[in-house]
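As structure tokens, the structure follows; a few thoughts come after it.
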Amino acid sequence: MKKTINFLFFLLLSSPLFAQLPIYADVTKPIDARVEDALSQMTLEEKVAVCHAQSKFSTSGVPRLGIPEIWMSDGPHGVREEIEWNSWDPAGWSNDRSTAFPALTCLAASFNPAMAELYGVAVGEEARFRKKDILLGPGVNIYRTPLNGRNFEYLGEDPFLSATMVVPYIKGVQSNGVAACVKHFALNNQEDHRDNINVEVSDRALFEIYLPAFKAAVTKGGAWSIMGSYNQLRGQHCCHNDFLLNQVLKKDWGFDGVVVSDWGGAHIPMQAAMNGLDIEMGSYTNGKVSGSKFTYDDYNLAQPFLDALKKGQVPMSVLDDKVRRILRLNMRTNMSANRPFGRYGCDSHSAAARKIGSEGIVLLKNVGNLLPIVPGSAKKIAVIGENATRNLMQGGGSSELKVKYVVSPLEGLTNVYGKEAVTYSQGYSSGSPNYDRETNTKLNADSLIAAAVESAKTADVVIYVGGLNKNHFQDCEGADRKSFDMPFGQDKLINALLAVNKKLVVVLMSGNAVAMPWVDQVPALVQGWYLGSETGNALADVLSGAVNPSGKLPFSFPKKLADNAAASFGMISYPGDGVNQKYLEDILVGYRWFDTKKIVPQFAFGHGLSYTTFVYGKPASDQKTYDKDASIKVTLTLKNSGLRDGAEVVQLYASQVKPSVMRPVKELKAFQKVFLKAGETKNVDLTVAAKDLAFYDEVSKGWKLEAGKYVLSTAASSADVKGSITIEIN
Ligand code: GLC
């Protein structure tokens, strides 16, 4: 009897008559129905409130309806420490030490989309655990100049590589119910004058070079949010740029997510309202340039927006579109039914950081096979250079991380080679970490060099660890590098070391190319990037041979700055005259420039050596001629002709034989990382959609694929073509 009564009581309660749950809160309902329901219940003031910050990194939600606040956090390489409610100061929490993953240049250098997915899942788990709804990353701005302070946060110079690598990262992050926020949309390719510089760029360069990674992020990655950039494009700030946000992003690409401003990137109330901005975040309480009494109501999308709506200057439909997008982000994140719970600072994240790092490290040079240094083969290894011990997770700007731990290069090398074999000498000093002014770098330089030389004299092998260090002007947000040279007297130090010991391995930790006056004398050279918490282990994995390096450069290393495209057109090209800037190199960015101008780079885009060797077979295509909607398949054999397992990134570049417009000599259109055991041969298939051979036609304002001949080249780098075939597009 009792059971019957209980059952009847349950039936009654679960009947619609008693359902207290409003539709918007009912996770079993479709997202758009929930959005409409919530929207219909919000007041005008509540709608405006969700369109701007309530604090440094959050928006207010709708407390009355139980629509949660949206919490955001930097950054692309890991979850930033908690920041105070209303300042840039750390909140001083004790539970926010995160795992630092390698910088995105390192991820790009892996040329392995599986690493991007591993990365996105792991960093998304950390963001989820820290209860963040939006992770402010990844950054996909194109590497236009080696001086850009934030290149280390991005995926390099090639639009196809960036577009291919960003998609799995986004999917990985969002699989945790955390929104990725792809930034900085668009043309934020430098830090100097970033707040206002007005970029003039051709449509071709815009659509062929600077937008593809963002388009892939939206149309293939399904990004739930995008961050507008500080700079202007054709006279409008990108945080409220009608062409970029309303036309390209939302209309052409069908973006259904949220456009978030960069912090303080909105300037004009009516543009903020009408030009596609959905959430305004800010650097000060007034969102602009100074701290007002308290109120976040000064934000462009706060009181001024409410006033304009009440006066009928802005249609309610414009407000509702913003709010729908924001509510959709709520439903996808903090109001989602099947949101996992994330993880934080766990071994699997450390393992991911280490794997991505060791796959991204690039072996640039290895004369005489000085590398790998097999453990036990050297009695005395002199480790020299401040970057062997410096915590490179600090600094760099908003991507900085307070980490749970970091294994330094010195620790990693000592773990592998043993305390008795490894000695350390600082070699140079960059002074205390600082991010807004240059330090005195003449700190007892001579004595440091002298000590380092002493240490090197008697070593069997010297491992130098230097590069840049995310100090101001040295790979840091807010300012570009002032020189292409390495700072802190490092060139002088390297030459002093070479004078006493030829067995020198130079490891550069940086997110940028640097001048290498000593490059011909250095037998072994490694681009080490910024590797995160597992820096020392990832580096030691490669230097000891535990991991066979397979990274490839995601951007060209010019021999001198003047060889760089952006540097070739005077100040108006870079860094601009403070007001305007013209991308006069147009589509010829990176290797596209070097190829066309026949300039030999120091190291080419796509270059990277291995401890084994590979033999490329002749490429063959599955057809001779293709229709315009066809998929082109190129096959070749790849043999590991060396004595140890390894991986090679086979690249496919396309060249149109007789284009009607100027086109680069060749452009990357496919790549595949192939893992081969020693002696193993595999068939490699590379596919390219014929439509992807098109160029952006400024006359018809669209993509144009011209019939005719195209050369498809298989290559080990943009400067190392192994084989070519000619095909015909009907
Ligand atoms: C910074 C950066 C942006 C970052 C944001 C919040 O100015 O440009 O990348 O996510 O502000 O820190």
Side-chain angles (χ1 to χ4, degrees), residues 361-373 377-392 407-414 416-417 421-430 441 443 445-469 474-475 485-531 535-536 538-545 549 557 602-603 609:
I361 287 170
V362 182
L363 179 58
L364 293 173
K365 193 178 173 190
N366 189 19
V367 168
N369 292 329
L370 181 56
L371 288 172
I373 303 166
S377 65
K379 292 275 173 296
K380 188 191 170 198
I381 300 172
V383 176
I384 293 168
E386 188 188 72
N387 273 355
T389 56
R390 187 184 170 98
N391 171 358
L392 293 172
V407 178
S408 72
L410 179 62
E411 287 160 345
L413 294 167
T414 304
V416 166
Y417 296 108
V422 175
T423 62
Y424 175 65
S425 186
Q426 184 178 355
Y428 68 92
S429 168
S430 63
T441 55
L443 299 170
D446 294 344
S447 61
L448 287 171
I449 290 179
V453 166
E454 272 317 298
S455 160
K457 263 180 190 159
T458 55
D460 299 320
V461 64
V462 179
I463 299 176
Y464 175 79
V465 186
L468 306 178
N469 67 1
Q474 306 302 343
D475 278 352
D485 295 342
M486 272 214 289
F488 320 131
Q490 292 181 72
D491 292 336
K492 182 180 172 191
L493 170 57
I494 289 173
N495 288 327
L497 296 175
L498 280 167
V500 299
N501 197 325
K502 293 287 178 239
K503 289 185 181 289
L504 174 63
V505 178
V506 171
V507 179
L508 298 182
M509 320 302 274
S510 76
N512 259 313
V514 296
M516 302 177 176
W518 30 262
V519 69
D520 294 338
Q521 288 74 46
V522 166
L525 179 58
V526 172
Q527 176 62 22
W529 310 117
Y530 297 118
L531 293 168
T535 294
L539 186 61
D541 284 346
V542 168
L543 297 188
S544 70
F557 279 42
Q602 189 64 63
F603 294 104
L609 301 177

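Reckoned from all heavy atoms, side chains included, excluding hydrogens, waters and symmetry mates.
- How far CG of L493 is from CG of L498: 9.5 Å, rounded to the nearest 0.5 Å.
- Proximity of M509 to T535: side-chain heavy atoms (C-beta onward) are separated by under 4.5 Å at one or more points.
- Sparse packing is recorded around NZ of K492, with 12 or fewer heavy atoms of other residues, nucleotides or ligands lying under 6.0 Å away.
- Put simply, the side chain of N495 gets close to the backbone of D491: a donor and an acceptor are under 3.5 Å apart.
- I384 pairs with exactly one of V462, V506, V453 by the side chain to side chain contact (heavy atoms under 4.5 Å, CB included) rule, that one being V462.
- You'll find the side chain of L543 reaches within 4.5 Å of the side chain of V526, heavy atoms only.
- Residues S430 and Q474 have side chains that never bring a donor and an acceptor to within less than 3.5 angstrom of each other.
- Between atom CH2 of residue W518 and atom CD1 of residue I494 there is a gap of 4.5 Å, rounded to the nearest 0.5 Å.
- Checked options L413, I381, T389; the residue passing with Y424 is T389 (criterion: side chain to side chain contact (heavy atoms under 4.5 Å, CB included)).
- The nearest pair of heavy atoms linking P409 to A388 is CD-O, 3.3 Å.
- Side chain of D460 to backbone of K379: a donor-acceptor contact under 3.5 angstrom is found.
- Nearest heavy-atom pair, S455 versus T423, reported as atom, atom and distance to 0.1 Å: OG-OG1, 3.4 Å.
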- Message: For V522 and M516: C-alpha separation, side-chain torsions, deciding distance, then whether side-chain contact (heavy atoms from CB on, under 4.5 Å) applies.
- Response: CA-CA 10 Å; V522 166; M516 302 177 176; over 6 Å; no
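- Taking both residues in full, the closest heavy atoms of N501 and K457 are given as ND2-O, 4.5 Å, listed atom of the first, atom of the second, then distance.
- Atom NZ of K502 has more than 12 neighbouring heavy atoms from other residues, nucleotides or ligands inside a 6.0 Å radius.
- F488 approaches S429 most closely through the heavy-atom pair CB-O, 4.1 Å.
- Classification of the Y464-Y428 ring pair by plane angle, with boundaries at 30° and 60°, yields tilted.
- Using modelled atom types, one side-chain atom of S544 and one backbone atom of A540 make a donor-acceptor pair closer than 3.5 Å.
- For N366 (side chain) and L370 (main-chain N/O), a donor-acceptor pair under 3.5 Å exists by modelled atom type.
- The shortest non-hydrogen separation linking I361 to A538 is CD1-O, 3.6 Å.
- Counting only N and O atoms by type, the side chains of S510 and Q527 include a donor and acceptor under 3.5 Å apart.
- The number of heavy atoms from other shown groups lying within 6.0 Å of NZ (K503) does not exceed 12.
- Contact record, G427 with L448: O-CB, 3.5 Å, taken as the closest heavy-atom pair.
- Between L363 and V542, every side-chain heavy-atom pair lies at or beyond the 4.5 Å cut-off.
- Separating the CG atom in L539 from the CG atom in N387 is a distance of 11.0 Å, to the nearest 0.5 Å.
- Here the straight-line distance linking atom OG of S408 with atom CG of L531 works out to 12.0 Å at 0.5 Å rounding.
- Here the side chains of P487 and L468 are in contact, with some heavy-atom distance below 4.5 Å.
- Contact of the L525 side chain with the F603 side chain is registered, since non-hydrogen atoms from C-beta on lie closer than 4.5 Å.
- Q490 contributes a side-chain N or O that, together with a main-chain N or O of G467, makes up a donor-acceptor pair within less than 3.5 Å.
- The distance from atom CD of Q426 to atom CZ of R390, rounded to the nearest 0.5 Å, is 10.0 Å.
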